[in-house]
Amino acid sequence: MIEKYNPVEIEARWQKRWADDKLYKVNEASTAPKWYALTMLPYTSGDLHIGHWYAMGPSDVYARFKRMQGYNVLHPMGFDAFGFPAENAAIKRGIHPRVWTMSNIDNMRRQLKSIGAIYDWDREVITCLPEYYKWTQWFFLKLWEAGLAYRSKAPVNWCPTCKAVLANEQVVNGECWRCETPVTRRDLEQWFFKITKYADELMRHDGLDWPERIKTMQANWVGRSEGTEISFALDYPGVEEKEIKVFTTRPDTVFGVTFMVLAPEHPLVAKLTSTACKAAVEAYVEKARHHTEIERLSTEREKDGVFTGAYAVNRLDGEKIPIWIADYVLASYGTGAVMAVPGHDERDFAFAKKYGLPVKEVVASHNSAGCELKEAFLGPGVLVNSSSFDGMDNTMAKAAISEYIEKRDWGKRTVSYKLRDWLISRQRYWGAPIPAIYCPTCGIVPVPEADLPVLLPEDAEFKPTGESPLKYNEGFVNTICPKCGGPAKRETDTMDTFMCSSWYYLRYTSPHFAAGAFDPELLKKWMPVDIYTGGAEHAVMHLFYSRFFIKALRDMGLVTFGEPFTRLFNQGTITADHQKMSKSKGNVVNPDKYVGDLGADTVRSYLMFIGPWEQGGDWDDSGIYGLSRWLNRIWGLALEPYEGIGCGGNDEPGLEDLLRVTHQTIRRVSEDMDRLRFNTMISALMEFSNYIAKVREAGSVTTDNYRSAVRTLLRLLAPTAPHFTEEVWSRLGYEYSIHNQKWPEWSEKLAENREIPLIVQVNGKVREKLTVSADITEAEAKRLAQESPKVKAHTEGKAVVQVIYVPFKLVNIVVR
RNA sequence: GCCGGGGUGGCGGAACUGGCAGACGCAGAGGACUUAAAAUCCUCCGGAGCAAUCCUUGUGGGUUCGAGUCCCUCCCCCGGCACCA
């Protein structure tokens, strides 16, 4: 009897050996082609759950596969370590965020090591350490220098729970992306990055192998729309502005304007409001200020607004039109003002009906001309009531009217974007300090590069008050102006943590480089990332910011490429009882007990086997024992002595079939690996091991040939079950390590079938399955099919109308 | 409301460009081994029927010699977007 498979003992032993030998250390001297395989770095929440394994396990398998194929693979790991949760947890427990974070990292590193991945831990990156955030701050200065960072007062998203502002991307359905608190608005002076400069480029994904879904989400987020800015005339004594600009995508309907609507925050509101309307307008503006994002965005809510008492003039037809305010008009989009065309816009129509404003038809469809409009007409048609443009097709009229307006200098064609600049200030402690200094004489001054990092003080009181805790830390705040040497104050807000994760993958290429954020030579060698895997929830956050970052660096001449991630793959989510796993729900599945029981190799294999990686699935451990049993069976197949036919005998009945199945398996597994179809890859390996078991039973090949098949199986399985295969490999006496072995290659010739199944149908129904030679001719196939007694039973006495032949697959006999 | 993705046995899922529906695994049933149990091994396992055979990929229709796969209608689930003028 051989010793039993003992995963726990084996895994600990090999993990130690691999670490001692630095087996997975990246060899910078290697001349092999590089392969940068990256998994999104985890946030330091405290524990690795099964979802982390689902993200890390299969990506490690793929990286190992590439490694065995001869690539020089960089597959690093690190920690996204700044952020509110650390601070919140620390406050709750009365420990310092740094202590809490670092102890979580220790625990998570231990758990990550139990996966048995090829991470080169010498390259670990931790974003909250000064040697890292020094460079985060440096990038801030670079962006500032390039004119991409600026300070501005604007209405911003405010999370009352986090007591901090949020970027637009971080507001999900009007709620904070982290804590799901409804977001409110505040007017604050904040730091922004000019991501809008790259709007057009960010909506294109040329040459990128990314999921369609993510590309669409990013393009929608940019929200480009082409239209025309049109100014309406104003004439009020004492009001300096003589026009109001609106943005419209429907210049063809400009003769249908019957009123105008301004956002409550529009700067002209106060100036234009008549004394009679003042009270109502002010009340409305005040009410709008206090609405949460959710209330404001709700499409269910009936639109309301108030009249300002003022009028503007439509220059095209001289009409005097009333100016209203309503909160369905957003101050941040277009010009913050819209021309209302109730005849051809649903929102304007509803608003006009509610307040008894006139509806004017200016685009007529062919059958409805002249009737009173019962709803806004959005379709194509011909212009009416539009002066000299009457009779023109409305799509043509867009250009014609725009030109007419441009000629008279009443406006111009322009493009609007939904995308807003990235707000990066956070009024919290646990983040990288923004390296800016406010000097009473010199104004806002950047911290000189030589003074970086601006260290986060250890002794801050970090309770969230809505203002940065650093504000009250005198040792931090008070400084000297680098320009004039006079007393000055430091910026006390910290940076959005997405800033830290926008460039971490660059740091992995030279994690200890002291002279810069990265070593330019090594960056050139490794970047861009060849495959990036992670959850889809970062579509318009992390992934979007990272692309902006790289484009900005490219324009500064710091990098030579324009996209960070060549191929992107989103694994699905592992749920528990069909719900998202979360600590608050208490349904988090901890992998440690499965690892301790059955081993990491079984957990890795099982997670890959449950279904397509992009699909995710609901956690159910009932199938995991099947994978454990399978590895045990292979243990026996490989290590139990095999008694086959004698060596050197030339009559070896099973060899040809075994070779064919072996080469077919190599082909299937290699192709599935490339497609990241791990579930079918494992099925193929299972079928192969089942086949070897049959050969073993029959003893139909020589010992050498049997062992050769087992060697192939082990190598194909090595990325999936690294410890298990290393152990078996070593027990069989093969050279250490299996992970330095070459990935098997297949021969099309050996994989070819000599005989193939031929399906015979009568009227499309399967009546016979024949086994025929793989090089059968059409005539022969048709003859064999029609001669079959089973087929004859169904064709007897009937007229054969047609015989269809699909080469090497099927014969269908059509009878009547 | 709009845009994606999906709906296949008791369960997870497989099926390349239209050609054997249900690979592989789980659960279940029966058997072998055992004093017994566990483990392991073997057999069966979509439904109806004694059988030949018939039915079966969310629903209804269509194209085709042939449809899980293509086209149209409707229903349900998941993800995203949602007053952007």
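Just so it is clear: chains get the letters A, B, ... in the order the sequence lines come, proteins before strands, and each one is counted from 1.
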(request) Identify the residue among A:I50, A:N679, A:V61 that makes a side chain to side chain contact (heavy atoms under 4.5 Å, CB included) with A:L607. (result) A:I50
(message) Tell me which one of A:Q786, A:K798, A:R767 satisfies side chain to side chain contact (heavy atoms under 4.5 Å, CB included) with A:I813.
(response) A:Q786
(message) Between A:Q218 and A:H205, does the side-chain hydrogen bond (donor to acceptor under 3.5 Å, both in side chains) criterion hold? Intermediate values first, please.
(response) CA-CA 10 Å; A:Q218 293 196 338; A:H205 300 82; 2.8 Å; yes
In whole angstrom, give the distance that lies between atom [atom1] of [X] and atom [atom2] of [N].
X      : N     : atom1 : atom2 : answer
A:Y333 : B:A85 : OH    : P     : 3 Å
A:I634 : B:C41 : CD1   : P     : 12 Å
A:E614 : B:G79 : CD    : C1'   : 14 Å
A:I759 : B:C65 : CD1   : C1'   : 16 Å
A:L770 : B:C20 : CG    : P     : 15 Å

Looking at [Y] and [X], is there a salt bridge between them, counting it only when a charged N and a carboxylate O are closer than 4.0 Å?
X      : Y      : value
A:K782 : A:E778 : yes
A:D200 : A:R224 : yes
A:E226 : A:R413 : no

(request) Would you please name every residue forming a side-chain contact (heavy atoms from CB on, under 4.5 Å) with A:E796, sequence neighbours left out? (result) none
Options [options], nucleotide nearest the side-chain atoms of [X]:
X      : options             : result
A:I610 : B:G13, B:G12, B:C26 : B:G12
A:K418 : B:G19, B:A82, B:C26 : B:A82
A:Q761 : B:A85, B:G19, B:C24 : B:G19
A:N690 : B:G13, B:G25, B:U40 : B:G25
A:V814 : B:G19, B:C65, B:C26 : B:C65
A:V766 : B:C20, B:C41, B:A85 : B:C20
A:R629 : B:C20, B:U40, B:A85 : B:U40

(message) Tell me whether A:R660 forms a cation-pi arrangement with A:W746, defined as NZ or CZ under 6.0 Å from the six-membered ring centre and within 45 degrees of its axis.
(response) no
(message) Can you pull out the residues from residues 666-687 of chain A that lie within a 4.0 Å heavy-atom distance of RNA chain B?
(response) A:R677, A:N679, A:T680, A:S683, A:M686, A:E687
(request) With a 4.0 Å heavy-atom cut-off, tell me which residues in residues 251-260 of chain A come close to RNA chain B, sorted by residue number. (result) none
Distance between the [atom1] atoms of [N] and [M], in whole angstroms?
N     : M     : atom1 : value
B:A51 : B:U57 : P     : 23 Å
B:C45 : B:G30 : C1'   : 11 Å
B:U56 : B:G7  : C1'   : 15 Å
B:U64 : B:G9  : C1'   : 28 Å
B:A29 : B:C16 : P     : 34 Å
B:A52 : B:A36 : C1'   : 46 Å
B:U17 : B:C78 : P     : 28 Å
B:C24 : B:A39 : P     : 22 Å

(message) Requiring both pairing distances under 3.5 angstrom, list the stems that contain RNA chain B and are made of three or more consecutive Watson-Crick or G-U pairs.
(response) B:1-7 with B:75-81, B:10-12 with B:24-26, B:28-32 with B:40-44, B:46-48 with B:53-55, B:60-62 with B:70-72
Could you go over nucleotides 54-56 of chain B and give all protein N or O partners under 3.5 Å, atom names and distances?
residue : atom : partner : partner atom : Å
B:C54   : OP1  : A:R767  : NH2          : 3.1
B:C54   : OP2  : A:R767  : NH1          : 3.3

List the atom pairs, with distances to 0.1 Å, where a side-chain N or O of residues 624-637 of chain A and a protein N or O form a donor-acceptor pair under 3.5 Å, not counting sequence neighbours.
residue : atom : partner : partner atom : Å
A:W630  : NE1  : A:S689  : OG           : 2.9
A:N632  : ND2  : A:S628  : O            : 3.1
A:W635  : NE1  : A:E3    : O            : 2.8

Keeping to residues at least two apart or across chains, list the salt bridge (Lys or Arg N to Asp or Glu O under 4.0 Å) pairs with something in [range].
range                       : answer
residues 569-580 of chain A : none
residues 601-625 of chain A : A:D60-A:R604
residues 680-694 of chain A : A:R668-A:E687

Dump every N/O contact between nucleotides 48-50 of chain B and the protein below 3.5 Å, one line per pair.
none

Contact class for [X] vs. all strands (heavy atom < 4.0 Å): base, sugar-phosphate, or nothing?
X      : answer
A:S225 : sugar-phosphate
A:G626 : sugar-phosphate
A:P757 : base

(message) Is a donor from one side chain sitting under 3.5 angstrom from an acceptor on the other, for A:R315 and A:S231?
(response) yes
(message) Looking only at the side chains, is there a donor atom on one of A:T771 and A:E755 sitting less than 3.5 Å from an acceptor on the other?
(response) no
At a cut-off of 3.5 Å, list every protein nitrogen or oxygen paired with a nitrogen or oxygen from nucleotides 1-6 of chain B, distance to 0.1 Å.
none

(request) Sort and list the pairs that fulfil ring-ring contact (aromatic ring centres under 6.0 Å, His included) and have at least one residue in residues 330-351 of chain A, not counting sequence neighbours. (result) A:F259-A:F351, A:W324-A:F351, A:Y328-A:F351, A:F351-A:Y355
(message) Please check this pair: side chain of A:D345 against backbone of A:D348, looking for a donor-acceptor N/O pair closer than 3.5 Å.
(response) yes
